[in-house]
Amino acid sequence: MMFWAWACVADESSERGLPEVPAAEEARARPEMPFPPDAVDLDPEPGRVAYALGAQAAVHLVGDEEIVGYGYDGMAPGPTLRATVGDVLTLDLYNTLEVATTVHWHGMEVPAAMDGVELVQTPIPAGGAFTYTFPVRHAGTFWMHPHVDTDRQVDLGLYGVVVVDSPDEPPADDDVVLVFDAWDEAESGDGAADDHTPPDPRTVTWTVNGALDPRWSLSAGAAVRARLLNASNTSYLALRWPGVRRLGTDQGLWGAPGVVDDLVLAPGDRAEVEVLAGGGPLDVVTAPWSAAGGAAWGEPRRLFTVEGGLDTAPPLAMVFSGAGPPPDPGRTDLLYVFQGGAPDTDWLINGEAWPEVTVPTVALGAELVVELRNLSATEHPFHVHGNRLAVVSVDGIAPDTLQVEDTVNVGIRSVVRLLMVPSEPGRWLAHCHLLSHEQGGMIAAIDVE
Ligand code: C2O
Ligand code: CU
């Protein structure tokens with residue numbers, strides 16, 4: 001689908017390098033930034049949060065275009081689930097779709113039986129229901145999405161954010177989610193040959209919390225914590241957002257905060273920022289970024305505009321651990337080599353494509369050094385289920401600070417080293433989060449005993 005043509009009309013002379021917006025588009029009122037509602041906690045007991053959601057058919061309005069899809073409670077993003085570390089979270093999922101579905105808790109350390117993959121769960125049939133329940137272990141910004149026919153179901157709008165607070169983190173005046181999705185990636189899981197071609201980053205249509213090019217008016221003087229998720233199937237974001245302080249990544253706070261101008265979010269990635277700048281309107285844009293080689297040619301695209309707010313808000317009194325990256329133990333316990341991608345071939349991990357894969361067994365609680373080596377011609381955001389991954393080095397260079405992820409982008413010809421301590425027994429998937437690659441077999445598994 002292609003319903004947004006103005007980006008092709010680049011204005012060379014524009015001071016900000018933004019595409020020129022034709023008068024007709026400018027005349028149409030830009031929407032206010034919507035935020036998904038918080039799901040209602042049905043359990044009044046402290047230490048427990050209980051939610052109920054329906055996986056439903058939905059019609060999403062992207063600009064003027066109606067897209068027939070799915071949504072949790074009919075929304076994309078679905079309602080936000082919130083919990084505090086130590087809570088037991090319960091979700092009753094009612095499936096009113098005409099197809100089977102599951103919920104995968106992306107980034108959360110859940111018991112294997114709750115992971116929502118077909119290894120452990122018969123998908124919830126049309127008209128069926130399932131109760132997920134597990135203790136919440138870590139603070140951070142996680143997300144939920146189906147893990148059956150994943151490419152298609154996520155593309156159609158089944159995703160939502162799970163925010164886990166920690167009593168150690170000061171509450172912000174506004175704690176919001178910003179979920180980015182790309183709606184015309186030309187790949188809805190039909191397995192077509194063009195699944196191997198990354199979408200053209202110059203032409204995809206991004207929405208933020210389901211809205212096209214909204215304005216976000218900050219309340220004056222409020223400390224704002226924003227939790228970002230790239231829920232797209234295959235499109236990268238390279239955000240340019242001056243005046244934010246980066247607080248954290250997939251698995252919560254960094255060892256130390258940082259001011260960032262550029263923030264690359266691969267599909268499945270999250271980041272946490274504190275919005276510091278206020279005053280005049282500020283456009284937040286994404287620069288073209290392609291799985292076929294990072295920064296790509298083209299004009300930045302506006303995602304939304306931040307307005308109002310004041311820089312007089314005191315920064316959040318967040319306490320960072322000051323921890324650095326873990327030292328490299330100098331050995332490799334698990335090696336993943338990425339290959340493939342030529343037309344009509346599978347995407348391969350260690351020369352294998354799912355489900356014909358060799359499954360190594362590792363010990364519960366043992367420290368594992370994981371090395372990812374990308375020999376293919378595209379980048380891959382590699383995601384390991386149910387585990388936390390501390391970044392040791394990227395191409396031999398250690399990060400500045402402790403950085404704990406569950407989805408790690410591996411550039412072309414890049415080598416990423418990670419430390420992982422399996423904390424739950426069972427069989428866990430590890431796969432590329434470009435969902436067309438996942439669909440194409442780029443999945444491995446690990447047995448934890
Ligand atoms: Cu977010 Cu196996 O996925
Ligand atoms: Cu991939």
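Start at 1 and go down the list; that is how both ligands and their atoms are numbered.
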So which of the N, O or S atoms of H385 lies nearest atom 2 (Cu) of ligand 1? NE2
Under a 4.0 Å N-O cut-off, is there an ion pair linking R225 with E274? no
How about H145: does one of its N, O or S atoms come closer than 2.8 Å to atom 1 (Cu) of ligand 1? yes
Heavy atoms of V392 and L419 approach each other most closely as CG2-N, 3.8 Å
Parallel, tilted or perpendicular: which describes the rings of H385 and H104, with under 30° parallel and over 60° perpendicular? parallel
At the Cu ion (ligand 2), SG of C432 and ND1 of H380 open up to roughly (10° bins) 130°
Less than 4.0 angstrom from a charged side-chain N to a carboxylate O is my criterion; do D175 and R227 meet it? yes
To make sure I understand the geometry: which N, O or S atom in H437 is closest to the Cu ion (ligand 2)? ND1
Which residue pairs pass the salt bridge (Lys or Arg N to Asp or Glu O under 4.0 Å) test with at least one member in residues 429-445, sequence neighbours excluded? none
Give me the ring orientation class for H433 and W143: parallel if the planes are under 30° apart, tilted from 30 to 60°, perpendicular past 60°. tilted
With rounding to 10 degrees, what does the angle H147:NE2 / atom 2 (Cu) of ligand 1 / H431:NE2 come to? 120°
Does H106 bring an N, O or S atom to under 2.8 Å of atom 1 (Cu) of ligand 1? yes
Examine H433 and say whether one of its N/O/S atoms is closer to atom 2 (Cu) of ligand 1 than 2.8 Å. no
